[in-house]
Amino acid sequence: MELGLVGLGKMGGNMRERIRRAGHTVFGYDRNPDLADVHSLEELVGKLKGPRVVWVMVPAGEPTQSTIDALAELLEPGDVVVDGGNSRWTDDEKHAEELAAKGIGFVDCGVSGGVWGLENGYALMYGGDKENVAKVQPIFDALKPEGDFGSVHAGRVGAGHFAKMVHNGIEYAMMQAYAEGWELLEKVDSVTDVREVFRSWQEGTVIRSWLLDLAVNALDEDEHLDGLRGYAQDSGEGRWTVEAAIDNAVPLPAITASLFARFASRQEDSPQMKMIAALRNQFGGHAVEKK
């Protein structure tokens, strides 16, 4: 199968490679010519045989909107656009309506896997009509982890990004719990090797997880996280999760508290946020602020 891929950053570049390893043809476009296979959206669309599938992997908001607007003028009825970035689910409904007016299909896809996805595969949550999803299915199959799980048609347009948003809200709360436990262990005199306590939890405990493994990785690199500033950014999905909870009268005390803790990290140097920053760097390659 042929795919046009727009956006070849940390995620997009590795996704291109994984799709190619599965035997598919990918034409990648990026504003950085050193990363690109083609040097304009027009050239990308021209390389693809119909019905075309173009996967957009750019930042949410205006970059995604402008890219979809441009593709709407270049693609033809029967083609499909996939938004694999971190767009808000309400934007998906707007994009689907705009493209449908031109006979172009739309699928939204939440993607999780970070910098580890090339080797481990990407967890995929996608929304859209069955016929549009079917056109993209070979690419979903190439990107997903090995085995029966890690990929789901979550529902109608917007369902993929909504599911990914909730996933990220849960991630916020899990990271916060590890960070709080780490700070408490570091605080008391009786515990003399916090890193090895964390390492001991990797086997046989009910709190073992990939995030715990990444926490141990971070502590192996910097045992007390002395080199990090306790500052953690949020990408937006935590806020959207809390807003959706309010709209639907669903109590989310742990996720809400973890979001507010990130806000607190920007007011002063927070020991807990050193761990959050370290974990985000470990699984997603997100930038950290050095002291």
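For reference, positions follow the sequence shown, starting with 1.
- A distance-only check finds no donor-acceptor pair linking the side chain of Asp79 to the backbone of Leu75 [under 3.5 Å].
- Side chains of Ser87 and Asp91: a donor-acceptor N/O pair is absent below 3.5 angstrom, by distance only.
- Leu48 has its side chain within reach of Phe27: a pair of non-hydrogen atoms, C-beta onward, lies under 4.5 Å apart.
- At least one side-chain heavy atom of Tyr122 sits less than 4.5 Å from a side-chain heavy atom of Met15.
- Side-chain contact annotation: Glu221 with Asn217, donor-acceptor N/O pair under 3.5 Å absent.
- Under the 6.0 Å distance and 45° angle rule, Arg262 counts as a cation-pi partner of Tyr172.
- In summary, Arg156 and Asp129 do not engage in a salt bridge, as defined by a charged side-chain N under 4.0 Å from a carboxylate O.
- Side-chain contact check for His24 and Glu2: no donor-acceptor pair (N or O, by modelled atom type) lies under 3.5 Å.
- Minimum heavy-atom separation, Thr64 to His95: CG2-CE1, 3.9 Å.
- In summary, Asp30 and Lys10 do not engage in a salt bridge, as defined by a charged side-chain N under 4.0 Å from a carboxylate O.
- Under the 3.5 Å distance criterion, with hydrogens and angles disregarded, a donor-acceptor pair is assigned to the side chains of Asp92 and His161.
- Looking at Lys135 and Glu131, no side-chain N of the basic residue comes within less than 4.0 Å of a carboxylate O on the acidic one, giving no salt bridge.
- Around the CZ atom of Arg31, the shell of radius 6.0 Å holds no more than 12 heavy atoms that belong to other residues, nucleotides or ligands.
- Using a 4.0 Å cut-off between charged nitrogen and carboxylate oxygen, Arg199 and Glu196 count as a salt-bridge pair.
- With no hydrogens or angles considered, a side-chain donor-acceptor pair links Lys164 and Asn168 at under 3.5 Å.
- Taking the side chain as every heavy atom from C-beta outward, Arg21 and Leu118 approach each other to under 4.5 Å.
- In this structure, Arg88 pairs ionically with Glu243, as a charged nitrogen and a carboxylate oxygen lie closer than 4.0 Å.
- Contact check on Glu203 versus Arg208 returns no salt bridge, with no Lys/Arg side-chain nitrogen under 4.0 Å from an Asp/Glu carboxylate oxygen.
- Under the 3.5 Å distance criterion, the side-chain polar atoms of Thr256 are left unmatched by any main-chain donor or acceptor of Pro253.
- Between Ala159 and Asp108, the closest heavy-atom pair is N-OD2, 3.7 Å.
- Between Tyr126 and Phe140, the two ring planes are parallel [angle under 30°; tilted spans 30° to 60°].
- No salt bridge links Arg195 with Glu186; every basic N to acidic carboxylate O contact stays at or beyond 4.0 Å.
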Does the salt bridge (Lys or Arg N to Asp or Glu O under 4.0 Å) test come out yes or no for Glu183 and Lys187, once each step is laid out?
CA-CA 6 Å; Glu183 182 179 1; Lys187 190 73 172 179; over 6 Å; no
